[in-house]
J.: 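Handing you this structure, nothing more for now.
For the numbers below, each heavy atom of this structure counts, side chains included, while hydrogens, waters and symmetry mates do not. All chains are named by letter (A, B, ...) in the order of the sequence lines, taking the proteins before the strands, and each is independently numbered beginning at 1.
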Number of protein chains: 2
Amino acid sequence: MLGTMTDEHPTTAATTSSSLDPDTAGNDDKGRHGNASQRIADGLRASILSGELPAGSRIRQEEIAARYGASRIPVRGALRILESDGLVRLVANSGAWVARFTRAECEEFYQIRERIEPLLLRMSLPCLTAENLDRMDELAEQMARADRVEHFLRLDREFHALSYDGARTVVLQEIVQRMWNMTHHYRSMFTQVFLEQGSQIVHDEHRMLVRALREGDAEQAELVLCGHIRRTRLQLARHPEMFDAWPSASG
Amino acid sequence: MLGTMTDEHPTTAATTSSSLDPDTAGNDDKGRHGNASQRIADGLRASILSGELPAGSRIRQEEIAARYGASRIPVRGALRILESDGLVRLVANSGAWVARFTRAECEEFYQIRERIEPLLLRMSLPCLTAENLDRMDELAEQMARADRVEHFLRLDREFHALSYDGARTVVLQEIVQRMWNMTHHYRSMFTQVFLEQGSQIVHDEHRMLVRALREGDAEQAELVLCGHIRRTRLQLARHPEMFDAWPSASG
DNA sequence: GTACGCCCGATAGGATCCAATCACAACCGC
DNA sequence: GCGGTTGTGATTGGATCCTATCGGGCGTAC
């Protein structure tokens with residue numbers, strides 16, 4: 001026979017790498033089983049999120065290919081992956097740029113997050129374990145004492161990722177992850193501001209969230225999370241200077 | 001100079017093709033200016049949505065390349081595009097399959113839609129024109145008289161796409177479009193059922209939606225739309241036979 | 001002096017060829 | 001007879017080469 005090998009759907013996906021945690025985002029060992037595109041995409045994603053590749057800067061295929069010791073073919077694949085991640089903008093026959101978002105787009109992302117993250121939280125709630133919640137308490141505690149931006153961001157991302165850990169969804173988690181990646185730089189700048197101000201409300205919200213989850217109160221958890229994101233969006237809107245002070249795109 | 005050509009971000013995107021309408025979905029003329037990947041992706045998308053390529057069937061690169069008179073390189077690009085559209089599932093070193101969704105995943109999609117489409121509608125409302133609304137009335141009228149599934153689906157998609165036409169968003173519209181594509185077959189089967197039953201509630205909802213939009217009542221419009229999607233989800237959950245009677249994947 | 005058109009370099013996209021990987025199957029040892 | 005192993009074919013992934021396209025710079029005409 002010729003065409004009757006494995007024409008049915010694959011048993012499980014298992015190839016989409018990258019968790020909500022930016023460090024392990026795409027560094028799953030299984031992700032690289034012979035897939036250079038994925039490896040390059042993961043590396044580029046890390047470079048973009050770390051700020052090494054600033055928003056608006058151009059990405060040249062040959063340069064990336066040389067850096068990763070590959071040809072331009074897997075680089076193109078990587079760029080497509082990052083485009084679907086929302087981190088790179090491709091223009092046919094022209095080139096690739098690190099995505100840069102306007103203030104309006106950023107507000108759009110936050111409004112999307114306000115709607116879908118509470119849903120994801122609701123879906124996650126029934127399967128959250130006591131270990132999840134204990135760890136979230138720890139993280140909330142550590143965040144309250146954090147003074148460096150990168151440290152806070154790492155804890156914050158792990159905190160929220162944990163809160164979504166019980167969800168059995170696929171697409172929703174991917175969307176949420178994309179939103180987190182796309183808003184990464186804004187959260188970074190915003191964190192800078194509120195760490196300087198020593199605002200406490202973020203930690204109050206985190207504690208309220210864990211409490212609602214512990215009590216199994218999905219409605220309350222949704223409200224707290226929605227408010228958490230909404231407050232951030234409104235705060236962000238009050239700091240338009242963040243959108244002017246973009247890290248400039250060097251060649 | 002060497003590196004100082006156009007290293008800034010491109011002025012506008014303008015390359016993401018495909019509207020909410022499945023016919024023009026990706027057939028924008030500008031999409032093909034030397035971009036075979038896009039052209040092939042658009043063709044494949046149409047084949048998948050039309051049912052010509054059934055869910056779960058395998059996609060062979062060489063076969064597609066031959067059909068479109070190209071090499072396998074742009075086919076790979078097309079497959080990546082469709083993967084980010086959620087219509088194709090890629091497994092490294094194994095192959096590509098037309099995405100097939102479980103009942104749980106389908107419910108997930110509808111729940112996502114319940115949350116984000118009302119938001120998109122709210123964002124669209126302020127910029128909707130009288131022409132938009134008049135055309136929506138027409139479409140609602142035609143839908144009430146439609147008796148063929150494809151005809152209804154086409155009108156329905158145009159109706160809702162029009163309701164989102166005022167939105168200045170980018171990402172949100174892409175997400176919504178993806179959800180519509182991924183649920184396309186389910187809507188097809190569901191439409192079959194309710195057309196046979198002669199149910200009127202869908203048309204009532206459509207009229208209520210237009211009325212709320214005319215009155216500029218965003219809150220009411222959101223509620224109606226949420227209920228519209230929610231009711232469909234619950235109806236779908238009551239027809240588990242749809243998930244058994246999948247079109248089989250022929251090689 | 002300015003505006004238009006042509007030319008050319010650089011970069012992205014595509015074709016062809018080659019290597020790696022996987023699935024199936026037949027074979028051999030126990 | 002059965003399980004593990006290895007071989008083979010098909011298919012995907014990657015490298016190299018070639019072509020198309022885009023943008024800037026120069027020259028010329030008005």
J.: Please determine if Arg113(A) forms a cation-pi arrangement with Tyr110(A), meaning its NZ or CZ atom is less than 6.0 Å from the six-membered ring centre and no more than 45° off the ring axis.
T.: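 Pair Arg113(A)/Tyr110(A) counts as cation-pi.
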J.: Would you kindly give the CD-to-P distance between Glu83(A) and dA12(C), to the nearest whole Å?
T.: 14 Å
J.: Round to the nearest Å and state the distance from Tyr68(B) atom OH to dG13(C) atom P.
T.: 20 Å
J.: What is the nucleic acid contact for Ile59(A), judged by heavy atoms within less than 4.0 Å: base, sugar-phosphate only, or nothing?
T.: sugar-phosphate
J.: Let's see if you can work this out: which of dT21(D), dA15(D), dA15(C) has an atom nearest to the side-chain heavy atoms of Ser71(A)?
T.: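 Side chain of Ser71(A) sits closest to dA15(D).
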J.: Nearest whole angstrom, please: distance from the C1' of dA20(C) to the CD1 of Ile73(A).
T.: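 Result: 16 Å.
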J.: Do His239(B) and Arg103(B) touch side chain to side chain, with heavy atoms closer than 4.5 Å?
T.: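 Answer no - side chains too far apart.
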J.: Under 4.0 Å from OP1 or OP2 of dG13(D): is there any side-chain N or O of Ser37(A) that close?
T.: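 Checking dG13(D) against Ser37(A), no side-chain N or O comes under 4.0 Å of OP1 or OP2.
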J.: Distance check needed: dG13(D) P versus Ile81(A) CD1, whole Å only.
T.: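 Rounded to whole Å, this separation is 11 Å.
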J.: For Asn35(B) and dA12(C), give me the distance from atom CG to atom P, rounded to whole Å.
T.: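 Going from Asn35(B) (CG) to dA12(C) (P), I get 13 Å.
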J.: Hey, which of these two, Arg72(B) or Ser94(B), hits DNA chain C nearer its 5' end, going by closest nucleotide?
T.: Arg72(B)
J.: Given atom CD of Gln61(B) and atom C1' of dT16(C), what is their separation to the nearest angstrom?
T.: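 Checked: the CD to C1' distance equals 15 Å.
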J.: Do the side chain of Arg76(A) and the base of dG14(C) come within less than 3.5 angstrom through a donor-acceptor pair of N or O atoms?
T.: yes
J.: I want to check one thing: is the phosphate of dG13(C), taken as OP1 and OP2, less than 4.0 Å away from some side-chain N or O of Gln38(B)?
T.: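 Answer is no, no contact under 4.0 Å.
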J.: State whether the side chain of Arg58(B) and the backbone N or O of Gly56(B) hold a donor-acceptor pair below 3.5 Å, judged by distance alone.
T.: no
J.: Does some side-chain heavy atom of Arg154(A) sit less than 4.5 Å from a side-chain heavy atom of Glu158(A)?
T.: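 A side-chain contact is absent here, since even the closest heavy-atom pair is not under 4.5 Å.
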J.: What nucleic acid atoms does Leu79(A) come within less than 4.0 Å of, heavy atoms only: base, sugar-phosphate, or nothing?
T.: nothing
J.: Rounded to whole angstrom units, what separation is found between the CD atom of Glu63(B) and the P atom of dT12(D)?
T.: 10 Å
J.: Please report, rounded to the nearest Å, how far the P atom of dA10(C) is from the CG atom of Asn93(A).
T.: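 So the two atoms are 18 Å apart, to the nearest Å.
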J.: When rounded to the nearest 0.5 angstrom, what is the spacing between CG in Leu121(B) and OH in Tyr164(B)?
T.: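 The distance works out to 6.0 Å.
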J.: Name the nucleic acid region contacted by Ala70(B), choosing base, sugar-phosphate or nothing; use a 4.0 angstrom heavy-atom cut-off, strictly under.
T.: sugar-phosphate
